[in-house]
Protein chains: 2
Amino acid sequence: MAQPDTKTRIISTAEELFALAGFHLTSLRTITTQAGVNLAAVNYHFGSKEALLEAVFDRHLIPLNDIRIKRLEGVAAQAKKSGRPPEVEGVLRCFTEPTLALLHRDSGTGYFRMLVGRSLSDPDQTVRQLFLGRVSGVLELLLDLLCQALPHRSRESVSLKLNFALGAMSHTLIFQGQGGLLGGVDKGKSIDEVIEMLTNFIVKGMEG
Amino acid sequence: MAQPDTKTRIISTAEELFALAGFHLTSLRTITTQAGVNLAAVNYHFGSKEALLEAVFDRHLIPLNDIRIKRLEGVAAQAKKSGRPPEVEGVLRCFTEPTLALLHRDSGTGYFRMLVGRSLSDPDQTVRQLFLGRVSGVLELLLDLLCQALPHRSRESVSLKLNFALGAMSHTLIFQGQGGLLGGVDKGKSIDEVIEMLTNFIVKGMEG
DNA sequence: GTCTATAGATTGATAGAC
DNA sequence: GTCTATCAATCTATAGAC
């Protein structure tokens, strides 16, 4: 198996370190040392540390967003065609399934799930804004469809519940696989079971 | 109204800045300048930046934990006395009500709600561990009681769902009051309505 | 207790040889 | 493209006068 090129090695290592220790606590020296490349390579290939973070986001977030948007638009088109509002669970799964698939270890996304889980609430404004700018479009589309699925609820109520759901998802993306918050907790559950339980949790909360 | 003393001014300013920008991105210079005190005062009164963070946590977290533990122990005692398992919603409210009360602007806790919301998933290990060490006892007690309330569910399942609930709560503590993730969303909801909706969301998800 | 001044370490970024 | 060397700007922490 051939070594990935320098640029890819930097992205992969940065993804891991940003996810585990955060953007500002991870120095370019740590990244380049662990990646086995020269310190100056980051600025040669990306221009700045912030641009490196953008590259880390974009590598997996652009394909992920494409999938989420295609699925959401599919549900929207079907609702329009049939003249009936979409189902809550169907709409939610357009978003939850591709997102929670990041939990699978064979998804090829490494530590990206932890980075996604933390970014929305990262204390660093740079991280937050770069991430939010990449997902706000999808979230607005999701909110529109959820409002169609729940026509008797106000947009404010649906948006509030969507925020609850996003919080549960983010938290799970971070902690799943390291024993949960209290340790030794996810031993008996497969990743697919976790995903189904979380989806059920969100659907019940959203409909209730 | 008399000015608070130097130590209190430092704690209050640090609480706000740690909550808004994170522990490592907030320098002691920024804190002391905004608080109107000398840079060296932090190390005189607290010994180190990390000890200041502990003081910020402890000011509100110790009283909050006392309330949560008293309520949880009250429910535990009543269940034991009556010989019947406690109710899911009653157990959850022992934890959610005192915690979500942080959302009230007149609670005297300033930006503490945001700090709490971010700390559990903070990318900075120092922040995470200091915070987790202060809440893990309460969370274990809560988990024990939830398992009593849901005797037909495995401890792993209950723990997993508790993590979903904590994620939803953390997220809400961070974003409530600034228009939610997508902006302009919580205009029509009072804080008490938000708290009831979140409690209902969690109860439905936990029981479902 | 409060202040000035500074030590000592680390950071992101870059210049310039190869 | 990759490397060494270094700059300029930060940071926490502390020594010592008042």
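Because only heavy atoms are used, hydrogens play no part in the values below, and waters and symmetry mates are left out as well, while side chains stay in. Letters A, B, ... are given to chains in the order of the sequence lines, protein chains preceding strands, and every chain is numbered from 1.
- Along DNA chain C, the stretch of nucleotides lying under 4.0 Å from any heavy atom of chain A spans, 5' to 3', C:dT11 to C:dT14.
- The ring-ring contact (aromatic ring centres under 6.0 Å, His included) with B:F18 is formed by just one residue from the set B:F57, B:F23, B:F131, B:Y111; it is B:F23.
- Ring geometry, A:F112 versus A:H60: the interplanar angle exceeds 60°, so the pair is classed perpendicular (tilted spans 30 to 60°).
- Between B:E196 and B:R93 a salt bridge is recorded (basic side-chain N to carboxylate O distance below 4.0 Å).
- Using a 30° and 60° split on the angle between ring planes, A:F201 and B:F201 fall in the perpendicular class, above 60°.
- The residue B:T26 sits close only to the backbone: its heavy atoms come under 4.0 Å of sugar-phosphate atoms, none of a base.
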Begin from the C-alpha positions of A:V116 and A:L64 and carry the test side chain to side chain contact (heavy atoms under 4.5 Å, CB included) through to its verdict.
CA-CA 11 Å; A:V116 168; A:L64 177 60; 5.6 Å; no

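- When rounded to the nearest whole Å, the span between CZ of A:R29 and P of D:dT6 equals 13 Å.
- Atom CD of A:E193 is surrounded by more than 12 heavy atoms from other residues, nucleotides or ligands within 6.0 Å.
- Counting non-hydrogen atoms under 4.0 angstrom, A:A40 reaches a base of the nucleic acid.
- Separating the CZ atom of B:F23 from the P atom of D:dC11 is a distance of 13 Å, rounded to the nearest angstrom.
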